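It should be emphasised that the depicted structure is a prediction, and the values quoted were computed from it without experimental measurement.
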Amino acid sequence: MGISADQAAAEFHTFFESHHAELARFAHLLTGEHEAADDIAADALLAVWDRWDRVRAAEFPAAYARGVVANMARSRIRSAVRERRRIALYWSGRSEETADPDVAAMVDVRRALKQLPFRKRVCVVLRHAMDLSERETALALGVSVGTVKSQTSKGMAELQRLLGPEEAGERMLRAAAGEGGAHGRIPGPRAGTGSRSAAAEGGR
């Protein structure tokens, strides 16, 4: 049974208010850029709105949005790499300065995350910074739980090599907690906030 345009708009507004900050924070942890994160979150939500009839009917619409953010962040990173290779300034030209009290931890974690292959990075961020379960992460990315376990384990091993074996997980959480800024601190997600069938289109 269909709904009116006003009802659809009201539903989407509620979805937007509930998930915009989370999606922007997720994009920031993946790209390391505040402005890019805001753009990605806005573009992802626009894509969700364009498909709202289908997304709202999914079991867990939030997973679709996370998958779209992951795809858009990956595309932006690839574009940035190509551009910065051309000018030989890979990941340069942006200030690491911040007023956050845990500057060193955040800068170190961001630099370490940038060195991870994207699949490992997104799994680590969703599991250890966004506090999603293995199942929720798998649903958001449209992959198996086994893939999440493997990629997260390998990603954390690389972070431990870069940050120190005793500190990687703790510093990930401290840096994530300090990501507040314009996006704010997000409470841990409720169980079942993803949909593999919806995310498979936007999250691979």
S.K.: Could you tell me which non-hydrogen atom of Phe15 sits nearest to which non-hydrogen atom of Ala65, and how far apart they are?
M.R.: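 Distance-wise, the nearest heavy atoms are CZ-CB, 4.0 Å.
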
S.K.: Are Glu136 and Arg66 close enough for a salt bridge, meaning some N to O gap below 4.0 Å?
M.R.: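 Result for this pair is no, no salt bridge flagged.
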
S.K.: Please name the pair of heavy atoms, one in Ala37 and one in Thr31, separated by the smallest distance, quoted to 0.1 Å.
M.R.: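 So the minimum-distance heavy-atom pair works out to N-OG1, 4.4 Å.
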
S.K.: Measure the acute angle between the ring planes of His20 and Phe16, then classify it against the limits of 30° and 60° as parallel, tilted or perpendicular.
M.R.: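 It falls in the parallel class, under 30°.
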
S.K.: Identify the heavy atoms of Ile77 and Leu30 that sit nearest to each other, and give their distance.
M.R.: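 What the structure gives for the nearest pair is CD1-O, 3.5 Å.
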
S.K.: Under the criterion salt bridge (Lys or Arg N to Asp or Glu O under 4.0 Å), I'd like the reasoning laid out for Glu33 against Arg76: C-alpha separation, chi angles, the key distance, then a yes or no.
M.R.: CA-CA 11 Å; Glu33 301 177 14; Arg76 185 175 183 96; 3.7 Å; yes

S.K.: Would Ser150 and Ser153 count as having a side-chain donor-acceptor pair, cut-off 3.5 Å?
M.R.: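 Checked: Ser150/Ser153 side chains show no N/O donor-acceptor pair below 3.5 Å.
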
S.K.: Considering all heavy atoms of both residues, which atom of Leu116 and which atom of Glu158 are nearest to each other, and what is their separation?
M.R.: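 Scanning both residues, the minimum pair turns out to be CD2-OE1, 3.3 Å.
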
S.K.: Write down the atom of Val148, the atom of Cys123, and the distance for their closest heavy-atom approach.
M.R.: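 Closest approach of Val148 to Cys123: CA-SG, 4.2 Å.
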
S.K.: Taking the inter-plane angle between the rings of Phe12 and Trp49 on a 0 to 90° scale, is it parallel (under 30°), tilted (30 to 60°) or perpendicular (over 60°)?
M.R.: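 Because their plane-to-plane angle lies in the 30° to 60° range, the rings of Phe12 and Trp49 count as tilted.
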
S.K.: Taking all non-hydrogen atoms of both residues, which atom of Ile40 and which atom of Ala73 are closest, and how far apart?
M.R.: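 Shortest heavy-atom contact: CD1-CA, 3.8 Å.
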
S.K.: Between Tyr64 and Arg54, do the side chains contain an N or O donor and an N or O acceptor separated by less than 3.5 Å?
M.R.: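 Arg54 and Tyr64 do not have a side-chain donor-acceptor pair below 3.5 Å.
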
